[in-house]
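Just so it is clear, the structure is predicted and the values come from calculations on it, not from any experiment. All chains are named by letter (A, B, ...) in the order of the sequence lines, taking the proteins before the strands, and each is independently numbered beginning at 1.
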Protein chains: 2
Amino acid sequence: MNPDLTPVQAVACCSPLAREPLSEEVAEQVSVVLKALGDPVRLRLMSLVASHEGGEACVCDLNNAFDLSQPTISHHLKVLHEAGLLEREKRGVWAYYRARTDMLENLAAVIGGTPT
Amino acid sequence: MNPDLTPVQAVACCSPLAREPLSEEVAEQVSVVLKALGDPVRLRLMSLVASHEGGEACVCDLNNAFDLSQPTISHHLKVLHEAGLLEREKRGVWAYYRARTDMLENLAAVIGGTPT
DNA sequence: TTCAGACATCGACAAGGGTAAATATTCATC
DNA sequence: GATGAATATTTACCCTTGTCGATGTCTGAA
């Protein structure tokens with residue numbers, strides 16, 4: 001078993017759900033990613049960033065899209081970032097988040113990949 | 001908007017994450033499914049059922065696969081069932097759960113579907 | 001260097017969720 | 001019907017998490 005398994009690695013390497021039972025370690029890490037997406041606000045944030053032109057969006061735009069405080073949005077973005085779903089880049093005063101489409105594709109493969 | 005939108009319907013009908021921003025209602029329901037999978041035990045349960053021959057498994061087997069109490073497993077199976085990910089069938093004294101592969105495929109399409 | 005704006009972090013609180021013990025329900029068998 | 005086995009439900013506990021207000025940090029401009 002890999003003691004340093006990260007969410008990104010777990011999602012990238014493992015077989016589809018339906019092929020063989022997920023190991024405890026892999027399940028632990030994959031569930032981190034799914035838990036990150038398992039919140040309505042974060043799911044919409046992810047969708048907003050991913051569907052934005054260039055696959056990236058400024059935090060200033062994201063804040064306005066919700067009826068939530070700025071710290072709350074910042075917190076959700078951090079969760080998505082730590083799960084490996086968003087990349088963060090600071091340009092001047094502004095912060096931009098970019099969707100990790102490879103993570104989304106790998107995660108989709110784990111969930112819906114055809115067995116065998 | 002659809003006031004009676006269920007998780008199953010939301011996952012089946014909506015465009016991929018990266019195509020256009022998810023509506024509040026859809027995000028709410030899709031997040032229910034993702035939240036259901038966003039737990040290590042439930043993820044392994046889902047994988048155990050889906051990878052089992054015939055795509056179904058008996059609760060009696062599932063209980064033995066974890067170091068958790070029977071009510072806890074039963075609770076997790078209920079969450080997966082209510083999210084539309086598992087179907088339940090009682091045969092005699094035993095309960096069998098079957099994986100909704102269509103849900104898994106639709107969910108994968110929402111997450112990893114290629115935009116446009 | 002001071003100021004203002006953008007974003008992150010901290011601290012705290014209420015709501016939600018995972019867990020197990022106890023109990024209930026359902027079905028096959030005696 | 002009474003008993004026992006397989007699951008589900010109820011109740012309660014504790015830890016996690018979503019949220020906000022206050023504060024901190026960093027950057028560009030004056």
Side-chain angles (χ1 to χ4, degrees), chain A residues 7 22 24 27-49 52 56-83 85-98, chain B residues 7 22 24 27-49 52 56-99:
Chain A
L22 263 49
E24 274 189 63
E28 193 75 40
Q29 296 305 314
V30 173
S31 73
V32 170
V33 184
L34 288 164
K35 195 175 300 184
L37 288 177
D39 176 275
V41 174
R42 287 197 291 268
L43 194 55
R44 288 179 61 205
L45 275 172
M46 192 69 204
S47 181
L48 278 170
V49 174
H52 202 269
E56 75 171 19
C58 177
V59 174
C60 53
D61 295 328
L62 300 175
N63 277 327
N64 296 332
F66 297 85
D67 204 26
L68 293 170
S69 71
Q70 174 265 321
T72 296
I73 300 297
S74 186
H75 162 70
H76 285 308
L77 289 171
K78 184 182 183 180
V79 173
L80 289 168
H81 174 63
E82 289 178 344
L85 289 164
L86 288 181
E87 273 179 353
R88 182 176 178 275
E89 187 184 353
K90 196 99 183 264
R91 291 207 286 271
V93 184
W94 295 277
Y96 291 81
Y97 281 90
R98 190 190 320 271
Chain B
L22 263 50
E24 274 188 61
E28 193 75 40
Q29 296 306 312
V30 173
S31 72
V32 170
V33 183
L34 287 165
K35 195 174 301 184
L37 288 177
D39 177 272
V41 174
R42 286 197 293 268
L43 194 56
R44 288 179 61 204
L45 275 173
M46 193 68 204
S47 181
L48 279 170
V49 174
H52 202 270
E56 75 172 19
C58 177
V59 174
C60 51
D61 296 328
L62 300 174
N63 277 328
N64 297 333
F66 297 86
D67 203 26
L68 293 170
S69 71
Q70 173 265 322
T72 296
I73 300 297
S74 185
H75 162 69
H76 286 307
L77 289 171
K78 184 181 183 180
V79 172
L80 289 168
H81 174 63
E82 288 178 344
L85 288 164
L86 288 182
E87 275 178 351
R88 182 177 178 275
E89 187 186 352
K90 197 98 183 264
R91 292 207 286 270
V93 184
W94 294 277
Y96 291 81
Y97 282 89
R98 190 189 321 274

> Between atom CZ of B:F66 and atom CG of B:L48, what is the distance when rounded to the nearest 0.5 Å?
Replying inline: 5.0 Å
>> Can you see if the side chain of B:S74 gets near the phosphate of D:dA8 - specifically, an N or O under 4.0 Å from OP1 or OP2?
In response: yes
> For B:K90 and C:dA28, what is the distance between atoms NZ and C1' respectively, to the nearest whole Å?
Replying inline: 12 Å
> B:E82 has an atom CD; how far is it from atom P of D:dT9, in whole Å?
Replying inline: 8 Å
>> With a 4.0 Å cutoff (strictly under), does any side-chain N or O of B:R88 reach OP1 or OP2 of D:dA8?
In response: yes
> Would one find a side-chain N or O of A:R42 under 4.0 angstrom from OP1 or OP2 of D:dG18?
Replying inline: yes
> Quick one: A:N63 CG to D:dT19 C1', roughly how many Å, whole number?
Replying inline: 14 Å
> Has B:K78 got a side-chain N or O lying under 4.0 Å from the OP1 or OP2 atom of D:dT9?
Replying inline: yes
> Is A:I73 touching bases, backbone alone, or none of the nucleic acid, heavy atoms closer than 4.0 Å?
Replying inline: nothing
> B:L68 has an atom CG; how far is it from atom P of C:dA21, in whole Å?
Replying inline: 11 Å
> Short question: side chain of A:N64, backbone of A:C60 - any donor-acceptor pair under 3.5 Å?
Replying inline: yes
>> Distance check needed: C:dC27 C1' versus B:Y96 OH, whole Å only.
In response: 14 Å
> Side-chain N or O of A:Y97 less than 4.0 angstrom from OP1 or OP2 on C:dA8?
Replying inline: yes
> What distance do A:L37 atom CG and A:R42 atom CZ have between them, rounded to the nearest 0.5 Å?
Replying inline: 8.5 Å
> Tell me, do A:Y97 and A:L85 make a side-chain contact under 4.5 Å, heavy atoms counted?
Replying inline: no
> Is A:H75 near enough to C:dT9 that one of its side-chain N or O atoms lies under 4.0 angstrom from OP1 or OP2?
Replying inline: no
> What integer distance in Å separates A:E28:CD from C:dG18:P?
Replying inline: 13 Å
> So which one's nearest nucleotide on DNA chain D is more toward 5', B:Q70 or A:G92?
Replying inline: B:Q70
> Given that A:V41 and A:V93 both sit by DNA chain D, which one's nearest nucleotide is further toward the 5' end?
Replying inline: A:V41
> Whole-Å distance between D:dG4 C1' and B:W94 CH2?
Replying inline: 12 Å
> Tell me: CG of B:L80 to P of D:dA8, nearest whole Å?
Replying inline: 12 Å
> Can a side chain N or O of B:H76 be found less than 4.0 Å away from OP1 or OP2 on C:dT19?
Replying inline: yes
> Are any of A:T72's side-chain N or O atoms less than 4.0 Å away from OP1 or OP2 of D:dC20?
Replying inline: yes
>> Is a donor from one side chain sitting under 3.5 angstrom from an acceptor on the other, for B:R88 and B:H81?
In response: no
> Which of these nucleotides, C:dA22, D:dT7, C:dT9, is closest to any side-chain atom of B:P71?
Replying inline: C:dA22
